Amino acid sequence: MSRIEGVLKALKEQGRKALIPYITAGDPHPDQTVSLMHALVSAGADIIELGVPFSDPMADGPVIQLACERALKHGTSLRQVMAMVKEFRKTDPDTPVVLMGYLNPMEAMGYEAFADAAADAGVDGVLTVDLPPEEADQVAPLFADRHLDPIFLLAPTTTDDRIKAISEHSSGYVYYVSIKGVTGSATIDVDEVAKKVAHVHELTALPVGVGFGIRDAETAAAVGRVSDGVIVGSVLVDTIARHQTDPDALRNALTDLLHPMREALDSLAH
Amino acid sequence: MSVKLTEEMLKALPDARGHFGAFGGRFVSETLMDSLMTLEKEYLRLKEDPEFQATFDSDLADYVGRPSPLYFAERLTREAGGAQIWLKREDLNHTGAHKVNNTIGQALLASFLGKKRIIAETGAGQHGVATATVCARLGLECHVFMGAEDVKRQSLNVYRMKLLGATVHAVQSGTKTLKDAMNDAMRDWVANVDDTFYIIGTVAGPHPYPLLVRDFQSVIGREIRKQAMEKVGKLPDALVACVGGGSNAIGMFYPFLADESVELYGVEAGGLGIETGQHAAPLCAGRPGVLHGNRTYLMEDENGQIAGTHSVSAGLDYPGVGPEHAWLKDIGRANYVSVTDDEALDGFRKLTRVEGIMPALETAHAVAYGVKLASTMDKDQMLVINISGRGDKDIHTIAQLDGIEI
């Protein structure tokens, strides 16, 4: 059983929902990423999605674009991101880490070298925004051999046939994108998301994480009620941007943001 | 290594997943997949639909003014002192460039699909103008994304688009040029996928765009075949076109791919010189990667981050290139070369002074290389340069380089 599967299974047995924060590696500075990851765990994270910065993040709104720019300004490379995960793993052997990013940095490194380095660093899953399963035939066996969970996106526009097909290519969890839009762009319609996620559950046995548009305890609880986990990105990255010059204030702000979400999610437990 | 291409091989490309050999494909976020698959299905159906084709052909004839002339450049030929130089006059199309061939086709597709809102990216502004033009004609809402840097250097085209009723969005992210405009167009599309049709201006992007843009632009090459047979009685020996994303070049080359005797030359923007790194020549100096929905040659750093590009011409200032060109390079069917900003400016001046034809700065790259190439060829050989656009939009840039306020 992969680390991701284990964590999600244990949560399910407790009737709890996963809190999955996203930060961009190297933002605001590469030196801070590992301690931020630990801070996320202290604030209640079950799984961490660690963004690999890319120069042209087409599926992201301005908040994450700027985070990529800050990280790239300090030269954050995919190899460095692996080193951050390795460092994080030294003191946290339990929290799954999912790398989230775009295909080109992975392609530039070479798929096999990437898969080797990811497995060696203690990465658990890989979510590549611009790699649909149709184009993933090269990476799939490399990931499978190294027990890296390939995590794919489902969108409001995804047809039933595709939901089934994508789920077959996925392990760990599937990531349901709650809105038509880029990250951080719109307010979600909770009822609509609930309906769609319930439908996704009918088509796949995998846990379903929901992301895009979750910005506070209230939306986290509403989405947590219908899903297996909530992914929190832009609001967190925005918090990092606002406190980028003061690491202590930043850690406090992250805690202030995530704690209420954690509590709201846990209040759903039965 | 050069491969002999047959009509059968060409018909099989791109394959069902939109691949040209190792290139092309569909690398987008999940939200867009359904739209792209629907577009592919509908396009493949309409491609065989006589009503769609008849409308497209009559629009090209009566609205664009096709066929565009194939003109013998007598003085330029004499100056070059080699092969006969002929010019394919895409600059005489309505809106002043080849771009309109494609926007007519895609706007027609949008209409058939019932989409009322159109978005487009633009570099030099030619594709933006061509899109705004067809939207005005069809009464469609039009949004054009343009890098803030390009908005500055192509102010004339920005104003043209506004006059045509389009909203121009100046893109402030990244390098503020064409690639960033394309990023923002994609972002808009994801958010408005239900009612919006994205008219991509070049043969790049996710499948089926490289296919359908190539099909719409292939009218250029088909006309050259016919005109060359009528006027000279043989096929040309060499075809020369500039390559940014590569739509005018693929439109010119495609109908000749199976004709081994016809040499193909795509001219990339060498900027300040390939050796300086300040250029926009991914086929000459890049390597394969994935950007904007397709695998192709890219300009990128060792970590896979997309590199900044430089070209005096906004329309060539792009770090990628159409996947079919990437494939043609790898199989050795087409030659990809580059000329510098300075050479292109010389080409602009030469064509202006010798033939009274002011080419776009993009086109001037093809002119510069074409003249050089012609001088190495025999007098009984025939070379065609694709005059992909006219140069009015660049007068400001040229004047500035000459130190003149206008």
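Note that the structure is a prediction, hence the values are computed from the model and not measured. Every chain is numbered from 1 and lettered A, B, ... according to where its sequence line falls, protein lines coming before strand lines.
Taking CG of B:Asp184 as the reference point, atom CE of A:Met58 lies at 11.5 Å (rounded to 0.5 Å). Considering CG of A:Leu103 and CZ of B:Arg295, their distance stands at 6.5 Å, rounded to 0.5 Å. Atoms OG1 and CE, from A:Thr157 and B:Met33 in turn, are 10.0 Å apart once rounded to the nearest 0.5 Å.
Neither the backbone nor the side chain of A:Pro62 comes within contact range of chain B; no heavy atom of the residue lies under 4.5 Å from a heavy atom of that chain. B:Ile306 touches chain A through backbone and side chain together, each having a heavy atom under 4.5 Å away. Of the atoms belonging to A:Ser185, not a single heavy atom falls under 4.5 Å from chain B. Neither the backbone nor the side chain of B:Gln172 comes within less than 4.5 Å of any heavy atom in chain A. Contact annotation for A:Glu107: only side-chain heavy atoms (C-beta onward) come within less than 4.5 Å of a heavy atom of chain B. Heavy-atom distances place the side chain of B:Met37, and not its backbone, under 4.5 Å from chain A. With a 4.5 angstrom heavy-atom cutoff, B:Val28 touches chain A only via backbone atoms. Looking at A:Leu78, there are no atoms closer than 4.5 Å to chain B (heavy atoms on both sides), in backbone or side chain.
With chain A as partner, the option from B:Glu302, B:Glu300, B:Met186, B:Arg187 having the largest number of non-hydrogen pairs under 4.5 angstrom is B:Arg187. Ranked by heavy-atom pairs under 4.5 Å with chain A, the list B:Pro288, B:Ala185, B:Gly289, B:Ser173 is led by B:Gly289. The choice from A:Val182, A:Leu153, A:Leu154, A:Asp56 that makes the most heavy-atom pairs within less than 4.5 Å of chain B is A:Asp56. In terms of heavy-atom pairs under 4.5 angstrom with chain A, the leader among B:Asp194, B:Leu298, B:Val190 is B:Val190. Looking only at heavy-atom pairs under 4.5 Å with chain B, the residue among A:Val177, A:Asp60, A:Leu66, A:Ile179 that has the most is A:Asp60.
Contacts between residues 18-26 of chain B and chain A, defined by a heavy-atom separation under 4.5 Å, are made by B:His19, B:Gly25, B:Arg26. Within residues 124-132 of chain A, the residues having any heavy atom closer than 4.5 Å to a heavy atom of chain B are A:Val129, A:Asp130, A:Leu131, A:Pro132, listed by residue number. Within residues 197-210 of chain A, no residue has any heavy atom less than 4.5 Å from a heavy atom of chain B.
Counting only distance, with no hydrogens or angles, the side chain of B:Gln305 and the backbone of A:Ser55 share a donor-acceptor pair below 3.5 Å. A distance-only check finds no donor-acceptor pair linking the side chain of B:Asp34 to the backbone of A:Thr158 [under 3.5 Å]. The backbone N or O of A:Lys180 sits nowhere less than 3.5 Å from a side-chain atom of B:Thr31 that would complete a donor-acceptor pair.
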Going through the distances and angles, do A:Gln65 and B:Asp180 end up as a side-chain contact (heavy atoms from CB on, under 4.5 Å)?
-> CA-CA 11 Å; A:Gln65 287 175 47; B:Asp180 309 288; over 6 Å; no
Dump the intermediate steps for side-chain contact (heavy atoms from CB on, under 4.5 Å) on A:Asn104 and B:Phe27, then the final yes or no.
-> CA-CA 10 Å; A:Asn104 202 50; B:Phe27 296 88; over 6 Å; no
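Residue pairs that meet the ring-ring contact (aromatic ring centres under 6.0 Å, His included) test with at least one member in residues 55-85 of chain A, sequence neighbours left out, are A:His29-A:His74.
At most 12 heavy atoms of other shown residues, nucleotides or ligands fall within 6.0 angstrom of atom CZ in A:Arg79.
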